[in-house]
2 protein chains.
Amino acid sequence: MEDERALLLLGILRRQDMHGYRLHEFIDTNLAVCADLKKATAYFLLDKMAAEGWVSYEQVQEGNRPPRRVYRITPAGEQAFQRLIRANLATYASMRFPGDVGLAFLDDLKPTEAVHLLRQRRAAMLDALTALQSAPEHAGTAQLIIEHQRRHLAAELDWLDEVIARVEAKSRKTRSSGRRASSP
Amino acid sequence: MEDERALLLLGILRRQDMHGYRLHEFIDTNLAVCADLKKATAYFLLDKMAAEGWVSYEQVQEGNRPPRRVYRITPAGEQAFQRLIRANLATYASMRFPGDVGLAFLDDLKPTEAVHLLRQRRAAMLDALTALQSAPEHAGTAQLIIEHQRRHLAAELDWLDEVIARVEAKSRKTRSSGRRASSP
DNA sequence: GGGCGCATGTAATGAGTTACATGATTGA
DNA sequence: TCAATCATGTAACTCATTACATGCGCCC
């Protein structure tokens, strides 16, 4: 079930009974930084968790609106939560960066163009960073995670700047060797 | 096709014709840091890329061994590579950290246990870091990416240490408020 | 001669997303 | 009245992984 998703849902339901639509809405607006699950997926997972006995639900009808399934965590679900959160906190999952694939072939581009492209990447990262800053005092829960994201982005910017600097250095060398020992 | 994988394969084939087995082997030993694709996936993708006309292959038989399909990039593949690498370098894909889900529910554990678990995570990260250091002068190509990974891990360690410190601070406060204003 | 490495592939499964279908309510 | 929001769900599809099947060569 991809542990984190289950942990996420259980953790939320543990604090508040909720129906699928609200749950998805909540994650999408408050926890988008740390998880992105689509509506269909949320419903699907709730179904599965109900089948496993981690949650139960009560059908609630208000007027003639579509009935809502209000989910509640069960004792088995609480147990699962306790297990999952411990596993999550104690573990480190190493990451792969999609952007690294490009770096692997950096040498196959002209240095000047490489630098140009990397500067575009840099601008995109800067945008992401300022977008984070402007998020106005997000719901207390997610504060830590936003801070984490901020830190990560800052480190990535540092790193990217160094990569750019290296490519520029190489570019200068190439040009000067083209001019055949211009400086002694 | 999940752009990075295609970029990866094209980038390698661009430098050298290769059959699927070698290709997978190469990625697995030299580029494991930045991509993890299984044998079956490699074969599957090569098939698809051949269908799209990005690569062609030549059946090579040596003695009575199983025949090898030696893939070669086509002009269309070269074009795709040029497009993909530019897109990759110019773009930043924001990341989600699986470990953040646990942090979202940190408050639901006793601070002492939370700290204990986070220290385990820290140890795992340290292991990963030393494993990186010991990789002895990896094939020049991947040098950048290993450096990136190293940087990332260092930043993550810093971050985790701060999280631990915060939880410990809260833990002290909790205990002292339990003793009812022990210090003025 | 028994097991590992080379070399390819298929079938089944899983996880998640897209796109669609439904139907009531609410607000412009 | 027309669109948007609320609320649920299904079906089709993609992508990748697991597990399996095959068969030769090589070395101990």
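Within every chain, numbering begins at 1; the chains are lettered A, B, ... in the order of the sequence lines, protein sequences first and strands thereafter. No hydrogens, no waters, no symmetry mates; every other heavy atom, side chains included, goes into these values.
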Review point. Does a side chain donor of either Arg83(B) or Gln79(B) reach within less than 3.5 Å of an acceptor in the other side chain?
Key: no

Exercise for review: Using only side-chain N and O atoms of Lys48(A), determine if any of them is under 4.0 Å from OP1 or OP2 of dA15(C).
Suggested key: yes

Point to revise | Qualifying residues under side chain to side chain donor-acceptor pair (under 3.5 Å), relative to Lys38(B), sequence neighbours excluded | key: Asp36(B)

Check your understanding: Quick one: do Arg166(A) and Glu162(A) make a salt bridge, cutoff under 4.0 Å?
Key -> yes

Practice item. For His19(B) and dA7(C), give me the distance from atom NE2 to atom C1', rounded to whole Å. Key: 7 Å

**Study point:** Interatomic distance where CE belongs to Met18(B) and P belongs to dT8(C) [whole Å]
**Key:** 12 Å

Study note, to complete from the structure: Checking dT18(C), dA7(C), dG9(D) against the side chain of Arg22(B) (C-beta onward), the nearest is dA7(C)

Exercise for review: Mind jotting down which residue pairs meet the ring pair (Phe, Tyr, Trp, His ring centres under 6.0 Å) criterion with at least one end in residues 148-170 of chain A? Sequence neighbours excluded, please.
Suggested key: His148(A)-Phe97(B), His148(A)-Trp159(B), His152(A)-Phe97(B), His152(A)-His152(B), Trp159(A)-His148(B)

Practice item. May I ask you to say whether Glu58(B) pairs ionically with Arg69(B), meaning some side-chain N is under 4.0 Å from a carboxylate O? Key: no

Practice item. Would you tell me if any nitrogen or oxygen in the side chain of Tyr21(A) comes within less than 4.0 Å of OP1 or OP2 on dT8(D)? Key: no

Review point. Is the distance from OP1 or OP2 of dG9(D) to the nearest side-chain N or O of Arg69(A) less than 4.0 Å?
Key: yes

Review point. Does Thr41(A) put a side-chain nitrogen or oxygen below 4.0 Å from OP1 or OP2 of dT17(C)?
Key: yes

Review point. Among Tyr21(B), Tyr57(B), Tyr43(B), which residue meets the ring-ring contact (aromatic ring centres under 6.0 Å, His included) test with Tyr71(B)?
Key: Tyr57(B)

Exercise for review: Whenever both distances are under 3.5 Å in a Watson-Crick or G-U wobble pair, mark it; put DNA chain C into dot-bracket that way, with [ ] for crossing pairs and | when the partner is on another strand.
Suggested key: ||||||||||||||||||||||||||||

Check your understanding: So, is Tyr43(A) close to the dT8(D) phosphate, meaning a side-chain N or O under 4.0 Å from OP1 or OP2?
Key -> yes

Review point. Can you check whether Arg5(A) has a side-chain N or O nearer than 4.0 Å to OP1 or OP2 of dG16(C)?
Key: yes

Review point. Taking atom C1' of dA24(C) as reference, at what distance in whole Å does atom CD of Gln61(A) sit?
Key: 10 Å

**Study point:** Among dG16(C), dT8(C), dT10(C), the one nearest Ala40(B) by side-chain distance
**Key:** dT10(C)

